[in-house]
Protein chains: 4
Amino acid sequence: MIDKSCIGVALFGAGRIGNIHAANLVRHPRAQLRYVVDVHQPSAEALAGKHGAKVATVEQVLADPAIGAVVIGSSTDTHADLIMRAAAAGKAIFCEKPVDLDVQRARFCAEAVRKAGVICMIGFQRRFDPTFAALKQRLDAGEIGTPEVLIVTSRDPAPPPAAYIAHSGGVFKDMLIHDFDIFRWILGGEAVSVHATGGCPNMPDVAAAGDISHAAVTLRTRDGALCQINTSRRAAYGYDQRFEVLGSKGLLQAGNVRPTEVVVWNDNVISSDKPEAFFLERYRSAYALEIEHFFDAVVNGTSVRTTIEDGIKALELAEVATQSWREGRAIECSI
Amino acid sequence: MIDKSCIGVALFGAGRIGNIHAANLVRHPRAQLRYVVDVHQPSAEALAGKHGAKVATVEQVLADPAIGAVVIGSSTDTHADLIMRAAAAGKAIFCEKPVDLDVQRARFCAEAVRKAGVICMIGFQRRFDPTFAALKQRLDAGEIGTPEVLIVTSRDPAPPPAAYIAHSGGVFKDMLIHDFDIFRWILGGEAVSVHATGGCPNMPDVAAAGDISHAAVTLRTRDGALCQINTSRRAAYGYDQRFEVLGSKGLLQAGNVRPTEVVVWNDNVISSDKPEAFFLERYRSAYALEIEHFFDAVVNGTSVRTTIEDGIKALELAEVATQSWREGRAIECSI
Amino acid sequence: MIDKSCIGVALFGAGRIGNIHAANLVRHPRAQLRYVVDVHQPSAEALAGKHGAKVATVEQVLADPAIGAVVIGSSTDTHADLIMRAAAAGKAIFCEKPVDLDVQRARFCAEAVRKAGVICMIGFQRRFDPTFAALKQRLDAGEIGTPEVLIVTSRDPAPPPAAYIAHSGGVFKDMLIHDFDIFRWILGGEAVSVHATGGCPNMPDVAAAGDISHAAVTLRTRDGALCQINTSRRAAYGYDQRFEVLGSKGLLQAGNVRPTEVVVWNDNVISSDKPEAFFLERYRSAYALEIEHFFDAVVNGTSVRTTIEDGIKALELAEVATQSWREGRAIECSI
Amino acid sequence: MIDKSCIGVALFGAGRIGNIHAANLVRHPRAQLRYVVDVHQPSAEALAGKHGAKVATVEQVLADPAIGAVVIGSSTDTHADLIMRAAAAGKAIFCEKPVDLDVQRARFCAEAVRKAGVICMIGFQRRFDPTFAALKQRLDAGEIGTPEVLIVTSRDPAPPPAAYIAHSGGVFKDMLIHDFDIFRWILGGEAVSVHATGGCPNMPDVAAAGDISHAAVTLRTRDGALCQINTSRRAAYGYDQRFEVLGSKGLLQAGNVRPTEVVVWNDNVISSDKPEAFFLERYRSAYALEIEHFFDAVVNGTSVRTTIEDGIKALELAEVATQSWREGRAIECSI
């Protein structure tokens with residue numbers, strides 16, 4: 001007989017992000033990691049062993065009534081299928097972005113979730129970052145009046161392998177999907193026009209893969225608020241994740257986080273640490289807080305902050321941006 | 001008989017910027033302010049009196065062989081005419097931006113200057129700002145490799161009167177012309193595509209004047225470099241003039257300048273000064289340095305850093321941006 | 001039969017710091033919290049219950065051969081006795097500072113530890129703070145040459161109750177003991193002269209308790225390096241923990257840590273968060289890292305970074321500083 | 001016949017600081033530089049020539065009724081004599097610090113000034129620095145309540161030649177005299193105890209000259225406020241001039257000034273400019289503002305902010321500090 005106060009959890013995907021989620025969820029007093037599923041058996045075994053869980057198949061997991069929730073951190077092409085099967089089995093779902101690279105399929109998923117009436121949270125972890133969340137809270141509290149302009153800087157330290165890029169769905173779905181979610185979250189409205197452009201300065205590999213490494217996107221909301229996003233697949237100085245909001249009464253900035261507060265003054269310059277190295281470090285707290293939020297929602301039956309609908313909206317913006325870039329024109333939309 | 005080592009100067013315009021230029025040029029060891037011309041006689045007299053100069057008419061100034069240079073700081077609609085007449089009279093010319101609100105007329109001016117073979121410098125003072133100039137020098141020295149992305153933030157503390165806006169030529173020619181010059185100067189290439197959009201959030205007066213208060217512009221150069229400019233006619237916290245350049249090897253940022261380095265820590269926050277109040281304060285050094293540069297060029301016969309051609313290029317970009325905004329589409333161009 | 005790969009741990013003290021240590025040590029893969037001891041039974045039970053441990057007496061703990069280590073976070077007057085008894089029982093010891101308010105008694109403790117040959121680590125957690133530790137590492141790597149001057153700022157947000165102050169041993173033993181440890185750690189030498197002065201500006205309660213709220217201490221090492229420490233029992237803006245080291249080739253600064261990187265620009269100022277509220281927040285990572293270091297040492301038989309000898313040296317400096325302040329004179333010493 | 005609205009000025013000393021003062025005073029609408037006096041004739045001629053003044057002797061200057069004010073920037077050993085002779089001649093006096101290396105002689109000077117009833121301002125230019133002056137104004141406005149602790153950091157980029165040091169009067173009179181003035185100005189009270197110590201880490205030349213290169217001074221005021229000053233003759237990163245005041249309601253910091261606001265992010269660090277190189281750059285505005293203040297006082301008959309009495313008080317503190325250092329003890333005083 002299982003402990004009813006405790007939610008049995010199965011984790012799909014024993015890679016980098018799977019490990020992060022496992023370490024965070026075992027800390028939740030009401031979550032118990034029971035299964036790890038991964039096509040790569042040794043990875044599944046290693047992660048399961050670390051937390052006293054078992055390796056299992058998707059079928060075993062979904063058939064076990066002791067499993068109340070699934071955490072999906074497997075490869076993108078498995079997300080939609082796992083969401084639909086988990087929803088059908090009545091499990092609460094936490095899934096990494098994106099729902100699917102195909103918007104139609106993602107909508108189909110959302111429909112399945114709605115029908116099943118299960119919780120489905122998408123891993124837009126940035127909304128849980130302490131700095132970003134504090135900014136949002138202060139914005140909502142009216143500290144700078146009405147938001148008018150949002151400037152988002154979002155740069156990776158170095159590009160993934162060309163093979164990854166070729167199957168990534170393109171920079172707008174792979175990277176900017178997070179920034180599109182920030183746009184919707186911060187400005188609190190949907191886009192009525194999207195313009196995207198870009199290129200591959202000094203990155204011929206990305207061009208060869210049919211994608212762009214540097215993008216500049218402009219969005220306008222129904223209310224007339226503007227958003228500019230700039231992204232690149234490479235920043236020599238590291239991972240750059242900043243945004244700022246101009247409001248009618250001031251400006252709110254969310255800056256990078258540094259590993260330490262050491263500053264050195266020498267005969268050349270005054271210098272401080274570079275930003276946290278990459279997303280695993282930069283969003284360490286955010287990953288912990290989003291999993292906590294998910295299990296709190298499962299336990300208390302409350303709603304989640306980043307729904308599958310949010311996942312679809314961001315995907316739709318990525319699709320429109322891709323089209324804008326390909327066709328070299330601004331696109332009016334109603335998302 | 002006049003002192004041949006000394007350049008007699010006439011100043012057109014005794015307003016705010018005319019006063020700045022007068023105070024700066026009298027410090028140059030080889031410049032001598034002889035005349036002040038202004039349609040508002042009391043202003044002309046006050047400024048002339050302050051520096052031991054005389055009030056005169058345009059005709060008197062241009063007919064006086066002792067006048068080697070003119071500084072034009074009068075209203076925009078007088079620029080083109082004064083430039084052409086001064087050029088015809090063989091005077092060296094320093095003129096505030098823009099050359100003219102009409103691009104054709106500005107080109108006509110440039111042609112007149114070329115034929116006359118006189119020096120004609122346009123007052124893009126930002127290039128002389130110590131912070132901006134140091135950034136450019138370090139960029140040129142290769143400190144961050146090749147420039148790939150430029151982000152420009154350019155916000156005024158408060159809008160001018162509605163009457164001014166109505167005759168300003170629009171936000172792109174009136175405000176962003178400086179930012180278009182920054183784009184050309186920093187990225188060192190011309191635009192092949194321009195997209196501009198904007199609105200008037202919370203500023204109905206600007207909308208009523210047929211203009212926008214907030215603009216978002218994206219430019220792409222032939223080399224694939226990207227530029228995003230964001231501007232607004234109002235920033236509750238003051239005058240905001242920053243830009244940053246992402247290069248293949250790093251990032252260079254040019255920040256705002258603060259009046260003092262005082263920081264206060266109290267029971268609420270840690271806080272520092274707002275940026276310098278407006279352009280007269282922010283670009284105090286830049287105004288002094290551009291005038292020094294102009295007279296150095298006149299004395300030594302060297303070329304000036306901001307030519308009338310630069311003035312026309314920026315104007316052309318403003319025109320294309322205006323069209324892009326009005327037509328709601330990205331425009332390919334060859335400037 | 002107990003798991004030999006696992007160290008049974010007993011925790012003395014179920015207060016604020018005891019809770020912190022418990023939460024950190026249960027995360028160590030080789031540490032198992034078995035007992036909680038506290039004179040206040042409900043606190044002991046609550047903490048024990050939270051981590052699946054039992055409430056016990058000192059005698060029970062020390063008699064249990066399954067206990068390999070004790071963590072002492074009970075009140076200061078119990079430290080010396082517990083250290084000596086745990087040492088006699090052959091347990092590895094982690095003890096909060098100070099060893100004792102009486103230097104002679106502390107030395108007696110250290111002698112007992114030496115004879116028993118057990119590990120005894122004192123909780124100078126600041127050495128484990130990521131910012132402070134990174135500074136030390138860079139200093140040791142020669143980044144600023146030889147250290148010459150150390151400036152330490154150490155301010156509490158608000159004073160403890162007068163009753164606490166009266167039995168605290170005075171500000172030098174209670175607060176500055178940490179700063180004396182920083183002095184020894186950073187400059188790597190012992191003091192040959194100590195001067196301390198201070199007062200109670202606007203804090204009559206502290207004066208009434210026979211103590212001072214604000215202190216200024218100067219130390220000089222045998223090598224001629226200087227150290228200035230400034231402390232206060234109250235800082236309106238919060239907990240202030242900074243230091244900087246001037247070396248022959250530069251300066252290293254360790255700054256405060258802020259909860260978030262949000263900056264707001266409004267019509268008055270540009271402002272950022274105050275520092276982390278107090279020691280539990282500021283040294284959150286440091287507390288986790290020192291406990292990890294302790295158990296790593298116990299498991300691997302390696303030495304600890306903050307020994308009982310360090311505890312005694314800092315105490316001796318506090319004693320000399322107290323004397324200097326009371327007698328109003330600089331004191332030469334050989335510690 | 002001379003222009004009565006204009007003050008004829010004679011400048012003693014055509015060295016580095018003399019040049020600064022000359023350039024600043026010629027900008028004052030009511031000051032006219034008429035004479036330059038210097039034992040080194042070519043320097044006097046060069047500076048006089050630059051500003052249309054004449055080279056003269058002390059006697060000529062003091063005998064000329066057209067001279068209303070003298071600016072003394074000659075070597076320290078000439079100050080007292082020139083002050084007394086100028087006072088006797090009824091001239092307004094601006095003199096660089098110190099009045100004299102000998103306190104008795106300085107007091108004698110002050111007496112002469114009082115008897116003559118002339119204005120005598122001492123060049124404590126730091127009080128006129130925009131950052132320091134803004135801090136003082138905000139302190140006086142009660143922004144952080146009552147001042148309780150002042151921490152002053154004052155470091156030169158590199159030591160003067162050993163020959164200079166040998167005749168400088170020692171580091172306390174030569175360098176810290178400015179910091180003692182800051183102490184009196186900021187805390188607004190006199191010292192009741194002084195403790196000074198120091199050494200010559202890595203600077204054997206300074207030790208050989210009988211002086212110290214690094215000093216740590218602690219002062220306590222009658223009101224119980226504390227001040228710690230740290231100084232060094234060498235800082236690898238440049239000129240370091242900062243102070244901070246802890247008050248009952250907060251903290252005010254006065255930071256260094258940087259030449260530009262450029263920040264570079266590269267693959268190692270994020271870095272900004274070093275502070276302004278040395279006093280001529282750091283206090284450029286302060287030098288201009290103090291001269292303006294002096295001539296305003298002369299023209300309007302108002303009092304000056306830094307009197308000869310301030311000069312003597314700072315000198316007295318330097319003398320007590322020197323004694324404290326030499327004797328290795330704290331000294332009670334009543335200055």
Side-chain angles (χ1 to χ4, degrees), chain A residues 23-24 26-27 29 49-52 128-139 141-145 186 240-276 281-282 284-286 289, chain C residues 23-24 26-27 29 49-52 128-139 141-145 186 240-276 281-282 284-286 289:
Chain A
N24 285 325
V26 297
R27 274 196 214 129
K50 198 167 160 188
H51 295 291
F128 296 87
D129 174 71
T131 288
F132 291 178
L135 183 150
K136 177 69 159 89
Q137 196 174 18
R138 294 169 68 171
L139 179 65
E143 200 167 321
I144 58 161
I186 293 296
D240 195 352
Q241 300 277 296
R242 292 172 284 156
F243 65 82
E244 62 179 56
V245 200
L246 175 70
S248 51
K249 294 181 184 166
L251 180 80
L252 277 165
Q253 288 182 309
N256 285 316
V257 176
R258 292 175 297 200
T260 80
E261 295 301 319
V262 176
V263 175
V264 66
W265 307 30
N266 61 31
D267 54 357
N268 284 317
V269 290
I270 298 177
S271 65
S272 57
D273 287 2
K274 292 191 298 176
E276 290 282 7
E281 294 84 7
R282 171 66 179 86
R284 189 186 294 116
S285 299
L289 292 165
Chain C
N24 285 325
V26 297
R27 276 195 214 129
K50 197 167 162 189
H51 296 290
F128 296 87
D129 174 70
T131 288
F132 291 179
L135 183 150
K136 176 66 158 93
Q137 196 173 20
R138 293 169 69 169
L139 180 66
E143 201 167 321
I144 58 161
I186 293 295
D240 195 352
Q241 300 277 294
R242 291 172 285 155
F243 65 82
E244 63 179 54
V245 199
L246 175 70
S248 52
K249 294 180 184 166
L251 180 80
L252 277 165
Q253 288 181 309
N256 284 317
V257 176
R258 294 176 296 201
T260 80
E261 295 301 319
V262 176
V263 175
V264 67
W265 307 30
N266 61 31
D267 55 357
N268 283 318
V269 288
I270 298 178
S271 64
S272 58
D273 286 4
K274 292 191 299 176
E276 290 282 8
E281 295 83 7
R282 171 65 179 88
R284 190 187 293 116
S285 300
L289 291 166

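Computed over heavy atoms, backbone and side chain alike; hydrogens, waters and symmetry mates excluded. What you see is a predicted model, and the numbers here were worked out from it, not measured in a lab. Labels below follow one simple rule: chain letters A, B, ... track the order of the sequence lines, proteins then strands, and each chain is numbered from 1.
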Q | With sequence neighbours excluded, residues passing salt bridge (charged side-chain N to carboxylate O under 4.0 Å, His left out) with C:Arg282 | A |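 Partners of C:Arg282 under the salt bridge (charged side-chain N to carboxylate O under 4.0 Å, His left out) test: C:Asp129.
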(Q) Applying salt bridge (charged side-chain N to carboxylate O under 4.0 Å, His left out), can you list everything that pairs with A:Glu261, at least two apart in sequence or on another chain? (A)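 With neighbours one apart ignored, the set is A:Arg258.
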Q | Results of side-chain hydrogen bond (donor to acceptor under 3.5 Å, both in side chains) for C:Asn24 - residues two or more places apart only | A |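 Residues passing side-chain hydrogen bond (donor to acceptor under 3.5 Å, both in side chains) with C:Asn24: none at all.
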Q | Heavy-atom proximity to chain A below 4.5 Å, by part of C:Ile144 | A |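 Contact with chain A involves the side chain of C:Ile144 alone.
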**Q.** Proximal component of C:Glu244, with respect to chain A [non-hydrogen, under 4.5 Å]
**A.**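 Answer is neither: C:Glu244 stays 4.5 Å or more from chain A.
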Q | chain C contact via A:Arg27 - side chain, backbone, both or neither, heavy atoms under 4.5 Å | A |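 Interface part for A:Arg27: side chain.
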Q | Close contacts, residues 130-139 of chain A versus chain C, judged by heavy atoms under 4.5 Å | A |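 Near chain C, by residue number: A:Pro130, A:Thr131, A:Ala134, A:Leu135, A:Arg138.
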